[in-house]
Amino acid sequence: WSSDVCSSDLHNDLKREMIKNGADKETVMTYLVAYQQVYKEAKTARYSSALEQIKNGAVENPFEKPAPDYTLPALGDRVAILIGNESYQSPINPLNTPIADITAIGDVFKNRFGYDLVTIRNGSYNDIVGALMRVGDSLGPNQSLLIYYAGHGYEAEDTGIGYWLPTDAEPGNAGKWLSNKDISNFLSKVKSKQIMVISDSCYSGTLTREYQFSTSGNTLTPEQILQQRSVMVMTSGGEEPVFDDGYPGHSVFAGNLIDTLNQIPEDDMAFDVFGKVKNIITETVPQTPSYGAMISAGHEEGGDFVFDLK
C-alpha cells in the first residue's frame, strides 16, 4: 500500500475495479474517504521528525535570505509561475500528473489570457524560491501575478500550517518545506495589485484559512476590481488529501479547471470560475475545493482576481 502520494496507482486501480464490479457512487466515495484517512495517518507518522523541527522553531523563512540564482525571461503585464513537481526523492513517492497539468494549463494561460510563463518542472527548493523571488522583485503594480502549484503538500496538525514540498524535500527534515506563512510573507512584498495562487496539492485548503469565500457578494465591476489590491487563493481541496486522477491525463482539479477556463466566453471573476469547478469536483471525489484571500499579504476588501481574455 503506497501511502505517500495523494493518489497512488494502487488506489486508482482499486477504484476502477470497484466501479467495474458495479459499486455504486456512495460505496466508492466511502472507500475514498477511508483511503484519505489511512494516507493521512501514515504520512503524519513518517514526517514526525520534521514536525518536531517546526515545533522547535528550527526552520527559517527562505524569503528573508538573498534570492538563489534564477535567470528570468522577458516578462510582460501578465505573468504566471507554473510549478509541477512529480519526481520526488524516496521515500516520498512520485505523482502522476503535475507536469502534464502545468503544461496544459500553461497553454490556456498563454493563449487565452496572454500570460508570459515561468515554468518549473520538478523544482527543487532553490528552484522554486529563486523563481518566486526573482519574478516577485521585478513586478510593478500594473502587472498581474498568477502562481500555480501542483505537487505534494502537507499540514502540521498541531499548528494547522500547510506546506508545499519541493522535489528535494525530506520527510524527516522540514528545512526545504515551503509554508503558507512563507508564501504569504513573500506575496506581501510583491507590488502587483492582481495576485492569484492556485494550489493543487494535499491540504492546500490551509492556504484559504485566513478568509474563505462562500459567496461572491461583490458588486464591483471588473474595471473597479482591477484597481484593488487582490491576493486570492484557489485550492483543489480543503484540509484533506486530494486525488491526482479522475480526469484523463490530469488531476480531477486541473482537468476541470482547464475545461472551465477554455469555455468562459468573456472576462470573468475567478470566484465564478472556481464555483463551476467546485460543483463538478464535489460530484466526483470526496474533496472540496476552496477559495479565499490572503489578508496577511495585503488583500483589500472587495478585491478579486480577474481572468481577463487577451
When rounded to the nearest 0.5 angstrom, what is the spacing between CD in Glu155 and CG in Asn180? 9.0 Å
With distance as the sole criterion, is a donor-acceptor pair present between the side chains of Asp101 and Tyr247 under 3.5 Å? no
Indicate the atoms forming the closest heavy-atom contact of Arg209 with Ile161, along with that distance. NH1-N, 4.2 Å
Give a yes or no on whether Lys110 atom NZ has more than 12 heavy-atom contacts from other residues, nucleotides or ligands under 6.0 Å away. no
Heavy-atom closest pair, residues Ile281 and Pro289: CD1-CG, 3.8 Å
Side chain of Asn185, backbone of Lys181: donor and acceptor closer than 3.5 Å? no
Taking atom CG of Asp107 and atom CG of Leu117, what is their separation to the nearest 0.5 Å? 8.0 Å
Any side-chain heavy-atom pair of Tyr149 and Leu178 under 4.5 Å: no
Mind checking whether Ile83 and Ile99 sit in one hydrophobic cluster, side chains of I, L, V, M, F, W, Y counted as touching below 4.5 Å? no
Do Thr235 and Ser290 pass the side-chain hydrogen bond (donor to acceptor under 3.5 Å, both in side chains) test, and can you show the C-alpha distance, the side-chain angles, and the key distance before you say yes or no? CA-CA 5 Å; Thr235 72; Ser290 60; 2.6 Å; yes
Go through the steps to decide whether Gln89 and Thr167 satisfy the test side chain to side chain contact (heavy atoms under 4.5 Å, CB included), and finish with yes or no. CA-CA 7 Å; Gln89 302 178 121; Thr167 54; over 6 Å; no
As a quick check of understanding, evaluate side chain to side chain contact (heavy atoms under 4.5 Å, CB included) for Ile147 and Ile183, giving each step before the final call. CA-CA 11 Å; Ile147 301 169; Ile183 295 163; 5.6 Å; no
When hydrophobic residues are tied together by side-chain contacts of less than 4.5 Å, even through go-betweens, does Phe307 share a cluster with Ile280? no
Apply the test side chain to side chain contact (heavy atoms under 4.5 Å, CB included) to residues Thr97 and Glu86: give CA-CA distance (whole Å), side-chain angles for both, the deciding distance (0.1 Å), then the verdict. CA-CA 7 Å; Thr97 65; Glu86 56 186 49; 5.6 Å; no
Which heavy-atom pair separates Met196 from Met234 by the least distance, and what is that distance? SD-N, 4.0 Å
Could you grab the distance from atom CZ of Arg229 to atom NZ of Lys191, nearest 0.5 Å is fine? 11.5 Å
Taking the six-membered ring for Trp, is the centroid-to-centroid distance between His152 and Tyr88 below 6.0 Å? yes
Shortest non-hydrogen pair, Leu75 vs Gln143, comes out as O-NE2, 4.1 Å
For atom NZ of Lys189, decide whether the heavy atoms of other residues, nucleotides or ligands shown that lie under 6.0 angstrom number more than 12. yes
Do Leu257 and Val273 make a side-chain contact, defined as non-hydrogen atoms from C-beta onward lying under 4.5 Å apart? yes
Val108 and Asn262, any side-chain heavy atoms less than 4.5 Å apart: yes
Do Trp164 and Leu207 have side chains that approach each other closer than 4.5 Å (heavy atoms only, starting at C-beta)? yes
Mind checking whether Ile264 and Asp272 have side chains closer than 4.5 Å, heavy atoms only? no
Less than 4.5 Å apart, side chain to side chain, heavy atoms only: is that true for Phe186 and Asn61? no
Would you say Arg121's side chain and Ile102's backbone share a donor-acceptor pair under 3.5 angstrom? no
CD1-NE2 distance between Ile258 and His250, expressed to the nearest 0.5 angstrom: 4.5 Å
Side-chain contact, heavy-atom cut-off 4.5 Å: Val233 with Ser199? no
Please lay out, stage by stage, how Phe113 and Leu261 fare under the test side chain to side chain contact (heavy atoms under 4.5 Å, CB included). CA-CA 9 Å; Phe113 300 97; Leu261 290 173; 4.1 Å; yes
Looking at side-chain heavy atoms only, is the closest gap between Val118 and Arg134 below 4.5 Å? no
Please report the shortest heavy-atom distance between Ser124 and Pro166, naming the atom on each side. C-CB, 3.6 Å
Just by modelled atom types, is the Gln228 backbone N or O under 3.5 Å from a matching donor or acceptor in the Glu300 side chain? no
In terms of heavy-atom contacts, Val231 and His299 come closest through N-ND1, 3.1 Å
From Tyr291 atom OH to Met232 atom CE, the distance as rounded to the nearest 0.5 Å: 4.0 Å
Do the rings of Tyr211 and Phe213 sit parallel, tilted or perpendicular, given the 30° and 60° boundaries? perpendicular
For a side chain to side chain donor-acceptor pair (under 3.5 Å) with Ser236, tell me which candidate from Thr288, Asp200, Asn256 qualifies. Asp200
From Leu145 atom CG to Gln194 atom CD, the distance as rounded to the nearest 0.5 Å: 10.5 Å
